[in-house]
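Counting starts at 1 for both ligands and their atoms, in listed order.
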Amino acid sequence: PAATASAATSPESYPTTHEQISKPLDTQNFIDNQFVASQATQWIDLHDPATNNLVTRVPQSTDAELKAAVESAQKAFPAWKAQSVFARQQVMFKYVALIRQHWDRLAASITLEQGKTFADAKGDVLRGLQVAETACGITTQIPGEVLEVAKDMETRSYREPLGVVAAICPFNFPAMIPLWSIPIATVTGNTIIVKPSERDPGAMMILAELAEKAGFPPGVVNVIHGSAKTVDFILDEPLIKAVSFVGSNKAGEYIYQRASANGKRVQANLGAKNHALVSPDCNKNHALNAIAGAAFGAAGQRCMALSTVVMVGETKDWVGEIAERANALKMDGGFEEGSDLGPVISPQAKERIEGLIASAEEEGATIMLDGRGKKPEKYPNGNWVGPTLIANVKPHMRCYTEEIFGPVLVCVNVDTIDEAIDLINANEYGNGVAIFTRSGSTATRFQREIEAGQVGINVPIPVPLPMFSFTGNKKSVAGGGANTFYGKPGLAFYTQAKTVTSLWRAEDAVATKASVNMPT
Ligand code: NAD
């Protein structure tokens with residue numbers, strides 16, 4: 001394809017600064033391996049969160065474009081399914097190599113559109129790339145089973161693709177989350193339609209360009225754009241058999257229900273409120289660094305951000321030291337050398353986060369470190385909220401009950417490990433949790449009694465690598481979390497089982513009368 005997706009995705013060069021782009025280009029649809037200009041009448045302006053300069057305009061893809069993407073994916077499916085698993089594996093090898101080759105370019109697009117630092121954006125790409133790398137092992141992951149169930153009779157099981165599937169993605173990991181779906185869905189023989197976040201689709205557009213270069217046939221990977229209207233199209237389109245969603249509870253619970261009611265498979269990862277339990281016997285220096293890094297990295301805009309710390313006993317006196325470490329982090333444009341955290345995604349997000357800090361103040365918590373009103377000198381127009389630490393928080397306060405999704409750490413004090421476990425288990429979310437302790441028995445008890453689905457022991461962000469699965473639970477997933485992302489459950493999600501029972505008897509049948517009873 002000759003055309004490019006946006007100014008951020010030009011194949012020859014990519015931005016490495018937050019300088020104003022001289023002439024923003026419109027983001028395009030990607031259908032049938034072609035970048036196509038949208039005929040949209042509605043456009044969504046996308047601004048660099050560090051400057052609020054216009055980067056690109058994202059279309060609300062038209063009905064005809066959405067339909068064309070589905071038709072393309074449906075048309076591509078039979079031949080793609082019929083390819084040997086080795087042929088699909090070869091495409092995945094090339095895709096992996098290309099993503100690695102374009103790693104910096106992908107990361108730069110993320111820094112420009114999402115705001116996270118370039119170093120952190122490289123991690124965003126890598127976590128997705130690792131899913132693609134793992135998918136290259138498909139030949140040993142997908143074999144079925146066979147059993148001789150009676151004399152001359154055997155049953156075999158196969159895993160077959162579903163058809164056209166769709167992924168609806170959030171803004172906070174513009175490369176990783178599309179890559180939670182694309183490699184596994186396609187290597188198993190499905191065709192996929194991706195709707196990236198309308199707030200930062202640039203990385204997905206580069207991934208689409210690389211998909212074409214890797215040898216995916218036209219229609220195997222398509223990209224459409226827009227907000228709720230595009231989502232509703234996906235949820236109601238009968239040709240789409242499965243929907244992968246990652247994002248907020250508000251959107252996700254609706255999407256889960258509507259897609260399920262329409263008979264689709266759905267996997268849906270939602271919001272979070274992740275706690276760290278700090279035990280007095282922990283390695284203090286490690287715990288303080290780990291907590292500050294996991295609370296404020298990516299400006300707290302990670303579903304696994306450590307946003308709540310439960311300080312047991314005397315550790316409540318450590319909040320000042322966490323605040324010092326938080327204060328030492330450098331907030332700056334993501335392309336700047338030494339920047340530790342960038343801006344938040346939008347002026348609305350900044351306002352919401354600052355509102356939650358204000359509510360904590362009004363409800364009687366102590367603002368130990370206040371990020372409101374802070375901004376780096378070079379970027380006065382960005383959506384800045386500095387690291388903020390709120391102490392003496394009580395569980396009824398809004399800053400505790402709501403997902404803040406910004407660089408804000410709330411600290412709750414308890415007297416015992418028992419109280420800490422009860423408090424954490426009483427929280428309705430169950431994405432991630434961490435304990436900091438030197439005691440093996442405390443850690444063992446914690447891992448057994450804690451309900452959250454991803455547990456770190458002296459590890460602040462325990463996201464499992466792709467050979468495992470992303471196992472958040474409770475309100476952090478829809479539908480009880482039956483369909484988790486990547487790993488073995490990810491393979492199961494994108495395939496359906498078929499069993500074949502066959503009889504190959506050497507001698508002729510001896511009976512002359514038909515048997516009508518179930519064999520016993
Ligand atoms: P979001 O729900 O606003 O958007 C996600 C997607 O849903 C986007 O593509 C958007 O266009 C669409 N959408 C938004 N509102 C919609 C509506 N009313 N109807 C239909 N579609 C709608 O989420 P976000 O702000 O982009 O991402 C942040 C959220 O995602 C946080 O809550 C975070 O915890 C969560 N998240 C969860 C995980 C996880 O694995 N559990 C990972 C990353 C992010």
Side-chain angles (χ1 to χ4, degrees), residues 42 44 46 49 58-61 113-116 124 127-128 131 166-181 193-201 203-204 223-236 243-259 266-274 298-308 344-346 348-349 352-353 383 402-406 428-433 452-454 461-464 466 469-479 481 483-487 489-490:
Q42 285 171 282
I44 302 153
L46 189 158
V58 182
Q60 170 52 64
S61 299
E113 295 189 357
Q114 198 272 355
K116 66 177 74 172
D124 184 330
R127 285 289 172 267
V131 177
I168 302 167
C169 306
F171 82 84
N172 66 330
F173 282 99
M176 178 182 84
I177 288 176
L179 288 171
W180 279 3
S181 288
I193 295 170
V194 183
K195 191 208 85 67
S197 170
E198 62 275 38
R199 300 195 251 179
D200 48 20
M204 182 58 230
V223 186
I224 54 175
H225 299 286
S227 45
K229 184 171 176 281
T230 309
V231 170
D232 282 347
F233 170 82
I234 291 171
L235 305 181
D236 293 344
V243 175
S244 301
F245 171 82
V246 180
S248 65
N249 282 69
K250 182 166 174 268
E253 283 160 18
Y254 161 76
I255 287 168
Y256 183 84
Q257 283 171 21
R258 185 150 164 178
V266 192
Q267 53 180 184
N269 274 7
L270 314 179
K273 197 81 180 172
N274 309 305
Q301 298 175 116
R302 294 180 181 140
C303 67
M304 286 290 279
L306 215 44
S307 55
T308 307
V344 297
I345 188 71
S346 64
Q348 294 76 9
R352 189 182 51 76
I353 295 161
N383 314 316
E402 288 183 31
E403 180 182 33
I404 300 178
F405 222 58
E428 52 191 354
Y429 291 103
N431 219 32
V433 71
Q454 304 181 101
I461 304 189
V463 176
S469 194
F470 192 100
T471 53
N473 62 24
K474 294 164 77 176
K475 204 179 146 181
S476 296
V477 288
N483 300 316
T484 59
F485 279 80
Y486 63 79

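- With a 6.0 Å cutoff to the six-membered ring centre and a 45° limit on the axis angle, Lys475 counts as a cation-pi contact of Tyr429.
- Within the 4.5 Å cutoff, the side chain of His225 has heavy atoms near those of the Pro201 side chain.
- The CD1 atom of Ile345 lies 9.0 Å from the CG atom of Asn172; values are rounded to the nearest 0.5 Å.
- Phe485 and Trp180 have tilted rings, their planes meeting at an angle from 30° to 60° on a 0 to 90° scale.
- For Lys195, the salt bridge (charged side-chain N to carboxylate O under 4.0 Å, His left out) partners two or more places apart in sequence, or in a different chain, are Glu198.
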Considering only N or O atoms, set out every pair between ligand 1 and the protein closer than 3.5 Å, with distances to one decimal place.
from, atom 1, to, atom 2, distance (Å)
ligand 1, 2 (O), Ser248, N, 2.9
ligand 1, 2 (O), Ser248, OG, 2.5
ligand 1, 9 (O), Cys169, O, 2.7
ligand 1, 9 (O), Lys195, NZ, 3.0
ligand 1, 11 (O), Lys195, NZ, 3.0
ligand 1, 11 (O), Glu198, OE1, 2.7
ligand 1, 11 (O), Glu198, OE2, 3.2
ligand 1, 23 (O), Ser248, N, 3.4
ligand 1, 25 (O), Arg199, NH2, 2.8
ligand 1, 26 (O), Phe171, N, 2.9
ligand 1, 30 (O), Gly247, O, 3.3
ligand 1, 32 (O), Glu403, OE1, 2.7
ligand 1, 34 (O), Glu403, OE2, 2.6
ligand 1, 40 (O), Asn269, ND2, 3.0
ligand 1, 41 (N), Leu270, O, 2.8

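- Taking both residues in full, the closest heavy atoms of Cys169 and Val194 are given as SG-CG1, 4.0 Å, listed atom of the first, atom of the second, then distance.
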